[in-house]
Amino acid sequence: MTQTSENVTWLTQEAYNKLKDELEYLTGPARTEIAAKIAAAREEGDLRENGGYHAAKEEQGKQELRVRQLTQLLENAKVGEAPAADGVVAPGMVVTIAFDGDEDDTLSFLLASREYASADIETYSPQSPLGSGVIGHKIGEDAEYELPNGKKASVKILEAKPYTG
């Protein structure tokens with residue numbers, strides 16, 4: 001579970017360990033594997049028409065981007081407990097909203113970094129329009145956010161409780 005405030009990302013110990021393990025794999029065994037793929041493809045000859053070489057180089061670029069993302073995330077991470085169950089929307093909470101005050105048209109989602117997205121519940125980033133619009137609001141309050149087309153939308157906060165996984 002993550003919670004972002006400015007450039008600090010709050011992580012549970014479990015999430016921190018998982019991301020740290022991924023970083024260790026990418027900077028160790030995964031780098032060795034991709035270097036071997038590139039070397040093998042390079043031995044096949046002309047690099048201009050070598051699909052295996054170009055695919056391996058592209059894979060290497062994606063891996064290195066992920067290494068940079070994880071390094072930055074973990075450098076700015078704070079490990080701690082889940083947010084308080086005080087009815088105020090904060091990152092790390094499952095939030096239930098009603099669109100335009102219509103209590104039949106609701107959505108429940110986890111307000112957290114995409115790093116913690118799961119198939120169990122839809123995840124919205126605290127930096128997303130909806131996420132940033134609901135942060136700090138209390139149960140029963142209305143919140144407004146901007147849609148991609150520039151129009152404003154209103155939602156009512158029905159529930160906000162810490163995510164328990």
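As a basis for the values below, the full set of heavy atoms in this structure was taken, side chains included, without hydrogen atoms, waters or symmetry mates. Please read these numbers as outputs of a predicted model, since none were measured by experiment.
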*Ignoring hydrogens and geometry, is there a side-chain-to-backbone donor-acceptor pair from S128 to Y124 under 3.5 Å?*
no

*Which distance, rounded to the nearest 0.5 Å, do you find between the CG of D21 and the CG of N17?*
6.5 Å

*Side chains of Y145 and V134: closer than 4.5 Å at any heavy-atom pair?*
no

_Contacts of K20 that satisfy salt bridge (charged side-chain N to carboxylate O under 4.0 Å, His left out) - sequence neighbours left out_ = E24

*Side chains of L107 and T96: does their closest heavy-atom pair fall under 4.5 Å?*
no

*Are any side-chain N or O atoms of E141 and backbone N or O atoms of K138, one a donor and one an acceptor, separated by less than 3.5 Å?*
yes

*Provide the closest heavy-atom pair for I139 versus L158 in the form atom of the first, atom of the second, distance.*
CG2-O, 3.4 Å

*Same hydrophobic cluster for L147 and V95, using side-chain heavy-atom links shorter than 4.5 Å among ILVMFWY?*
yes

*Once you round to the nearest 0.5 Å, how far does CG of L74 lie from CG of L19?*
5.5 Å

*Under 4.5 Å between any side-chain heavy atoms of M93 and L110, yes or no?*
no

*Which atoms form the tightest heavy-atom contact between G131 and L111, and what is the distance?*
CA-CD1, 3.5 Å

*Do you know the tightest heavy-atom contact between P126 and I135?*
CB-CD1, 3.7 Å

_Determine whether F109 and V94 satisfy the following criterion, side chain to side chain contact (heavy atoms under 4.5 Å, CB included), listing intermediate values before the conclusion._
CA-CA 5 Å; F109 60 92; V94 174; over 6 Å; no

*With a 4.5 Å heavy-atom cut-off, do H137 and V88 have their side chains touching?*
no

*I would like to know whether E22 and L70 meet side chain to side chain contact (heavy atoms under 4.5 Å, CB included); could you show each step before the answer?*
CA-CA 8 Å; E22 181 183 354; L70 287 172; 3.7 Å; yes

*Go through L73 and Q69 one step at a time and tell me if the side chain to side chain contact (heavy atoms under 4.5 Å, CB included) criterion holds.*
CA-CA 6 Å; L73 180 71; Q69 289 171 334; over 6 Å; no

_A41 backbone acceptor or donor facing N50 side chain under 3.5 Å_ = yes

*asked:* Please evaluate residues T106 and I97 with respect to the criterion side chain to side chain contact (heavy atoms under 4.5 Å, CB included), reporting the C-alpha separation (whole Å), side-chain torsions for both, the decisive distance (0.1 Å), and the verdict.
replied: CA-CA 5 Å; T106 64; I97 57 169; over 6 Å; no

*asked:* I need the T71 OG1 to R66 CZ distance, nearest 0.5 Å.
replied: 10.0 Å

_Return the CZ to CG distance between F99 and L130, rounded to the nearest 0.5 Å._
6.5 Å

*Atom CD of E64 and atom CD1 of I34: how far apart are they, to the nearest 0.5 Å?*
9.5 Å

*asked:* Distance check, rounded to the nearest 0.5 Å: S108 atom OG versus E122 atom CD?
replied: 10.0 Å

*Residues in salt bridge (charged side-chain N to carboxylate O under 4.0 Å, His left out) with E144, at least two apart?*
none

*According to the salt bridge (charged side-chain N to carboxylate O under 4.0 Å, His left out) rule, which pairs have a member within residues 34-44, sequence neighbours left out?*
K37-E59

